[in-house]
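Pasting a structure below so you can have a look.
No experiment lies behind these values; they were computed from the predicted model shown. All values below come from the heavy atoms of this structure, side chains included, with hydrogens, waters and symmetry mates left out.
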Amino acid sequence: MKILPEHLLSRPAEEVARLLALACLGQAAGARDRLGDPEDSDALHDFRVGLRRLRSCLRSFEPQLAHSTGGRLRRRLKDLAEATGESRDLEVHRAWVLEQERGLSPWQRSGVSWLLARMDRRKRRADARLARHVADEFSSLQTKLAKRLSVYPVAVSLDETRKPAAAGAVVSGVLEELTGQLEGHLAAVHSITDQTEAHAARIATKRLRYLLEPFVDELPGAEPLVEHLKALQDLLGDLHDAQVFASELREALDAASVQLAHWLS
């Protein structure tokens, strides 16, 4: 991420919101340039993280950024982020299947080979769709967002009581709101079947972590808290991946049954 100036919390919230959003946009742009490299296994992950951080920043500082990033731009960002989901899921699930292969018998490995071939075909199609979507959308989005975020009007008031809000005050309010949301969602997760609340808790955890990270040097105790949030995010992410992969496995079993019935007929 782009190096940010010091003492962010004491700077005007509108300035800080734009600095953070531009840094996230730059992170996504750098990863986008690496997406076509088959040797770069982290490019898709980094691109997704850049988009997630950007969208989270736009939400956290919505009052400061709303007039620069309208609803249409945000929807386009959301669509682009969602378009990366299938390729990412297949990438993660394929890696998990390969890890399990080591302890399997030869006849079990034949089933794994069939499953991997099916996943590889889906991954190639998903990657091609994603490449087209990124080519069609990202450069335009990057240009528009960079232009709109780089400048903003400032109303100067001689009234000392009407000074612009500092970033610290805005961050404090958003932290309190997100902490309450996370507590509520976590309290509603009792088992692996509570998918909706677990997913909402994961999103709230990400937003909290992304909001805190730029300010760890200014907030005492923030660094270990960020590490705890990352661990919770990983745990909830593993739960989400298991839920999604279970669905994929059921579809694969149905497809295998149909294929086997065709061979036996």
Hphob cluster co-occupancy, W96 + V112, side-chain heavy atoms under 4.5 angstrom
yes
Report the residues that fulfil salt bridge (charged side-chain N to carboxylate O under 4.0 Å, His left out) with R94, sequence neighbours left out, ordered by chain and then residue number.
D120
Under 6.0 Å from the CD atom of E99, do we count more than 12 heavy atoms belonging to anything else shown?
yes
Any side-chain heavy-atom pair from K206 and L229 closer than 4.5 angstrom?
no
Determine whether R207 and S60 make a side-chain contact, defined as any pair of heavy atoms from C-beta on separated by less than 4.5 Å.
yes
State the OH-OG1 distance between Y210 and T205, to the nearest 0.5 angstrom.
10.5 Å
Nearest heavy-atom neighbours spanning L236 and A198
CD2-O, 4.2 Å
Between L225 and V216, is a side-chain contact (heavy atoms from CB on, under 4.5 Å) present by the stated rule, with each step listed?
CA-CA 9 Å; L225 177 56; V216 290; over 6 Å; no
Determine yes or no for a side-chain-to-main-chain donor-acceptor pair under 3.5 angstrom, with E177 supplying the side chain and G173 the backbone.
no
State whether the side chain of H93 and the backbone N or O of D89 hold a donor-acceptor pair below 3.5 Å, judged by distance alone.
yes
Could you state the interatomic distance from CG (L219) to CG (L9), rounded to the nearest 0.5 Å?
5.0 Å
Is V174 reachable from I203 through a run of I, L, V, M, F, W or Y residues, each pair having side-chain heavy atoms under 4.5 Å apart?
no
Between Q108 and S105 (side chain of the first, backbone of the second, donor and acceptor by atom type, cut-off under 3.5 Å), is there such a pair?
yes
Under 3.5 Å donor-acceptor, D194 side chain and S191 backbone
yes
Within the 4.5 Å heavy-atom criterion, are L115 and M119 side-chain neighbours or not?
yes
Testing the basics here: between C24 and R53, what is the closest heavy-atom pair and its distance to 0.1 Å?
SG-CB, 3.6 Å
Please give me the minimum heavy-atom distance between L182 and A201, naming the atom from each residue.
CD1-O, 3.5 Å
Any donor-acceptor pair under 3.5 Å from R11 side chain to A166 backbone:
no
For A21 and L54, work out which heavy atoms get closest and say how close.
O-CD1, 3.5 Å
Should L141 and L25 count as side-chain neighbours, where that means a heavy-atom distance under 4.5 Å?
no
Give me the atom names and distance for the closest heavy-atom approach of L22 to A146.
CD2-CA, 3.9 Å
Check for me, please, whether L212 and V170 land in the same ILVMFWY cluster - side-chain distances under 4.5 Å, paths through other members count.
yes
First locate atom CG of L175, then atom CG of L211, and finally report the distance between them rounded to the nearest 0.5 Å.
4.5 Å
Distance from L208 atom CG to L178 atom CG, nearest 0.5 Å?
4.5 Å
Of all heavy-atom pairs between A43 and A31, which one has the smallest distance, and what is that distance?
O-CB, 3.8 Å
Roughly how far apart are D40 CG and R34 CZ, rounded to 0.5 Å?
4.0 Å
Side chain to side chain, F215 and L20, heavy atoms closer than 4.5 Å
yes
So E62 and R74, do their side chains get closer than 4.5 Å, heavy atoms only?
yes
Scan side-chain atoms only and decide if Q233 and R202 contain a donor-acceptor pair under the 3.5 Å cut-off.
no
Count the heavy atoms belonging to other residues, nucleotides or ligands that lie under 6.0 Å from CD of E176, then report whether that count exceeds 12.
no
Just wondering, are more than 12 heavy atoms of other shown residues or ligands nearer than 6.0 Å to NE2 in H133?
yes
ring-ring contact (aromatic ring centres under 6.0 Å, His included) involving F47 - partner list, sequence neighbours excluded:
F138
Do other residues, nucleotides or ligands put more than 12 heavy atoms under 6.0 Å from the CG atom of D238?
yes
Checking the side chain of E218 only, and the main-chain atoms of L8 only, is there a donor and an acceptor separated by less than 3.5 Å?
yes
Hey, is the main chain of R55 close enough, under 3.5 Å, to the side chain of R59 for a donor-acceptor pair?
no
So, R148 and T69: side-chain donor and acceptor under 3.5 Å apart, yes or no?
no
Give the table of side-chain donor-acceptor pairs shorter than 3.5 Å for residues 77-88, with sequence neighbours excluded, one pair per line with atom names and distance.
{"unit_1": "K78", "atom_1": "NZ", "unit_2": "E82", "atom_2": "OE2", "d": "2.7"}
{"unit_1": "T84", "atom_1": "OG1", "unit_2": "R48", "atom_2": "NH1", "d": "2.7"}
{"unit_1": "T84", "atom_1": "OG1", "unit_2": "A81", "atom_2": "O", "d": "2.6"}
{"unit_1": "E86", "atom_1": "OE1", "unit_2": "R129", "atom_2": "NH2", "d": "2.7"}
{"unit_1": "S87", "atom_1": "OG", "unit_2": "D127", "atom_2": "N", "d": "3.4"}
{"unit_1": "S87", "atom_1": "OG", "unit_2": "D127", "atom_2": "OD1", "d": "2.7"}
{"unit_1": "R88", "atom_1": "NH1", "unit_2": "D241", "atom_2": "OD1", "d": "2.7"}
{"unit_1": "R88", "atom_1": "NH2", "unit_2": "D241", "atom_2": "OD2", "d": "3.4"}

R32 (side chain) donor-acceptor with L44 (main chain) under 3.5 angstrom:
no
Can you tell me if R209 and S56 form a side-chain donor-acceptor pair at under 3.5 Å?
no
Crowding at CD, E101 (>12 non-hydrogen neighbours, <6.0 Å):
yes
Could you see if F245 belongs to whatever hydrophobic cluster contains L235? Use Ile, Leu, Val, Met, Phe, Trp, Tyr and a side-chain cutoff under 4.5 Å.
no
Are side-chain heavy atoms of K230 and D234 found at a separation under 4.5 Å?
yes
Given side chains that start at C-beta, do those of R52 and V49 come closer than 4.5 Å, heavy atoms only?
yes
Atom pair CG (L58) and CG (L73), whose distance is rounded to the nearest 0.5 Å:
9.0 Å
